[in-house]
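In what follows, every heavy atom counts, from backbone to side chain, and hydrogens, waters and symmetry copies are set aside.
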Amino acid sequence: QVQLVESGGGLVQAGGSLRLSCEASGDIDSINTWAWYRQAPGKQQDMVANVDWKSTINYADSVKGRFIISGDNAKNTVYLQMNALKPEDTAVYFCFAEVVTTDDIRYQYEFWGRGTQVTVSP
């Protein structure tokens with residue numbers, strides 16, 4: 001099995017910064033894709049940023065120029081640097097990974113973290 005654990009959420013004033021981390025552990029052979037999603041109260045879950053094994057990166061339009069996704073393959077960890085935060089960035093942020101496990105390297109499986117709360121005050 002694989003576990004994803006997020007950290008780094010919290011309360012910050014508008015204009016401030018936070019850095020989220022997500023560490024994967026378990027029966028990992030490789031991680032093909034990392035992503036961050038978020039869900040605000042009463043809203044659907046949206047993709048914030050993702051990065052694949054070719055280092056192709058995508059951002060939601062709402063965070064372009066403010067957020068940066070990066071990964072450390074040696075540590076099986078992905079980061080989300082969030083700058084110039086706005087109250088509308090308030091949400092629970094979830095880590096997502098497509099993982100090839102050591103059980104069967106023919107397939108990849110999807111895993112989710114439990115989420116970390118980010119609250120941006122005006």
Side-chain angles (χ1 to χ4, degrees):
Q1 264 296 358
V2 174
Q3 298 79 40
L4 303 182
V5 179
E6 302 101 334
S7 61
L11 173 65
V12 65
Q13 286 188 326
S17 297
L18 282 175
R19 189 194 196 204
L20 304 183
S21 300
C22 174
E23 181 178 3
S25 61
D27 303 323
I28 300 169
D29 179 81
S30 61
I31 299 176
N32 288 341
T33 301
W34 286 104
W36 288 96
Y37 286 76
R38 67 185 181 186
Q39 187 167 22
K43 295 188 177 181
Q44 67 180 21
Q45 189 180 62
D46 292 323
M47 192 279 292
V48 176
N50 61 44
V51 56
D52 67 14
W53 63 275
K54 295 177 290 184
S55 298
T56 301
I57 294 175
N58 295 290
Y59 293 102
D61 288 343
S62 59
V63 306
K64 282 181 181 176
R66 300 188 298 124
F67 290 11
I68 301 171
I69 187 171
S70 62
D72 186 332
N73 291 333
K75 296 182 179 179
N76 284 335
T77 300
V78 69
Y79 305 97
L80 186 68
Q81 178 67 42
M82 305 186 294
N83 302 318
L85 282 161
K86 304 175 181 179
E88 50 263 45
D89 294 318
T90 295
V92 178
Y93 284 70
F94 297 90
C95 178
F96 167 87
E98 292 179 333
V99 180
V100 176
T101 66
T102 53
D103 295 344
D104 191 337
I105 62 172
R106 295 174 296 173
Y107 305 107
Q108 64 179 19
Y109 298 92
E110 299 180 350
F111 295 93
W112 289 89
R114 289 188 155 185
T116 184
Q117 176 71 46
V118 171
T119 303
V120 185
S121 62

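- Under the rule for a side-chain contact (heavy atoms from CB on, under 4.5 Å), the partners of Asp46 that lie at least two apart in sequence or sit in another chain are Gln44.
- Taking hydrophobic clusters as Ile, Leu, Val, Met, Phe, Trp and Tyr residues chained together by side-chain heavy-atom distances below 4.5 Å, Ile28 shares a cluster with Trp34.
- Taking the side chain to side chain donor-acceptor pair (under 3.5 Å) definition, one finds that Ser17 meets it with Asn83, sequence neighbours left out.
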Extract all donor-acceptor atom pairs below 3.5 Å that involve side chains of residues 106-122 and protein atoms in other chains or at least two apart in sequence.
unit_1, atom_1, unit_2, atom_2, d
Arg106, NE, Asp104, OD1, 2.9
Arg106, NE, Asp104, OD2, 3.2
Arg106, NH2, Asp104, OD2, 2.7
Gln108, OE1, Asn32, ND2, 2.6
Gln108, NE2, Glu98, OE1, 3.3
Thr116, OG1, Gly9, N, 3.3
Gln117, NE2, Ala91, O, 3.4
Gln117, NE2, Thr119, OG1, 3.3

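- The 12-atom threshold is exceeded at CD of Glu88, counting heavy atoms of other residues, nucleotides or ligands nearer than 6.0 Å.
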Side-chain donor-acceptor pairs of residues 57-68 under 3.5 Å, sequence neighbours excluded:
unit_1, atom_1, unit_2, atom_2, d
Asn58, ND2, Asn50, OD1, 3.0
Tyr59, OH, Ile69, N, 3.0
Asp61, OD1, Lys64, NZ, 3.1
Ser62, OG, Arg38, NH2, 3.3
Arg66, NH1, Ala84, O, 2.9
Arg66, NH1, Asp89, OD2, 2.7
Arg66, NH2, Ser62, O, 2.8
Arg66, NH2, Asp89, OD1, 3.0
Arg66, NH2, Asp89, OD2, 3.4

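- Qualifying salt bridge (Lys or Arg N to Asp or Glu O under 4.0 Å) partners for Lys54, counting only residues two or more places apart in sequence or in other chains: none.
- Clustering ILVMFWY residues whenever any of their side-chain heavy atoms sit less than 4.5 angstrom apart, transitively, puts Met47 in a cluster other than the one holding Trp36.
- Within 6.0 Å of CG on Asp103 lie more than 12 heavy atoms contributed by other residues, nucleotides or ligands.
- No continuous path of ILVMFWY side-chain contacts below 4.5 Å connects Val12 to Tyr79, so the two sit in separate hydrophobic clusters.
- Val100 and Ile31 sit in two unconnected hydrophobic clusters of ILVMFWY residues. Membership requires side-chain heavy atoms under 4.5 Å apart, directly or through other members.
- The shortest side-chain heavy-atom distance between Phe94 and Leu4 does not fall under the 4.5 Å cut-off.
- Pairs passing the disulfide (SG to SG under 2.5 Å) check and including a residue from residues 18-115, sequence neighbours excluded, read Cys22-Cys95.
- Between Leu80 and Ala49, the shortest heavy-atom distance links the atoms CD1-CB, 4.3 Å.
- Legend: salt bridge (Lys or Arg N to Asp or Glu O under 4.0 Å) pairs involving residues 5-28, not counting sequence neighbours: none detected.
- Atom OH of Tyr37 and atom OH of Tyr93 lie 14.5 Å apart (nearest 0.5 Å).
- In this structure, OG on Ser25 lies 15.0 Å from NZ on Lys75, to the nearest 0.5 angstrom.
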